[in-house]
Amino acid sequence: MPSPDLLAISLLVRWLLGWFLCLRMPALPEFTPIGQPRVSVLIPARNEALTLPQLLAALGACRT
């Protein structure tokens with residue numbers, strides 16, 4: 001089993017390496033959507049025969 005000092009140094013080196021790699025990542029270019037963005041909605045449903053029609057009707061009525 002490694003000594004606590006070696007373990008602490010190892011964790012510190014890994015933490016610093018993680019920050020170094022994170023800061024080297026290139027920034028994404030700014031994106032401006034053209035028109036209305038399309039959205040997909042996933043609805044997990046199980047044994048929802050009574051409430052699902054009302055939910056779908058409410059989702060269909062939502063417009064931004």
Side-chain angles (χ1 to χ4, degrees):
M1 177 146 180
S3 68
D5 291 336
L6 186 58
L7 182 62
I9 291 171
S10 173
L11 289 174
L12 178 64
V13 167
R14 292 176 194 196
W15 183 76
L16 290 172
L17 182 61
W19 274 107
F20 174 74
L21 292 174
C22 180
L23 293 175
R24 287 190 55 215
M25 290 179 65
L28 293 175
E30 241 182 84
F31 175 73
T32 54
I34 299 170
Q36 280 290 93
R38 297 190 68 158
V39 176
S40 297
V41 178
L42 297 177
I43 304 167
R46 183 174 157 197
N47 299 330
E48 297 289 335
L50 297 176
T51 59
L52 198 54
Q54 296 150 352
L55 172 65
L56 294 176
L59 283 174
C62 289
R63 299 278 181 215
T64 56

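For the numbers below, each heavy atom of this structure counts, side chains included, while hydrogens, waters and symmetry mates do not. None of the values given here were measured: they were computed from a predicted structure.
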query = Are more than 12 heavy atoms from other residues, nucleotides or ligands located less than 6.0 Å from atom CG of Leu50?
reply =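 Open.
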
How many angstroms lie between CG in Leu17 and CG in Leu12, if you round to the nearest 0.5 Å?
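Between atom CG of Leu17 and atom CG of Leu12 there are 11.0 Å.
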
Are [X] and [Y] connected, step by step, through hydrophobic side chains (Ile, Leu, Val, Met, Phe, Trp, Tyr) whose heavy atoms are closer than 4.5 Å?
X: Trp19; Y: Leu11; answer: no
X: Leu23; Y: Val13; answer: no
X: Val39; Y: Ile43; answer: yes
X: Val41; Y: Leu56; answer: yes

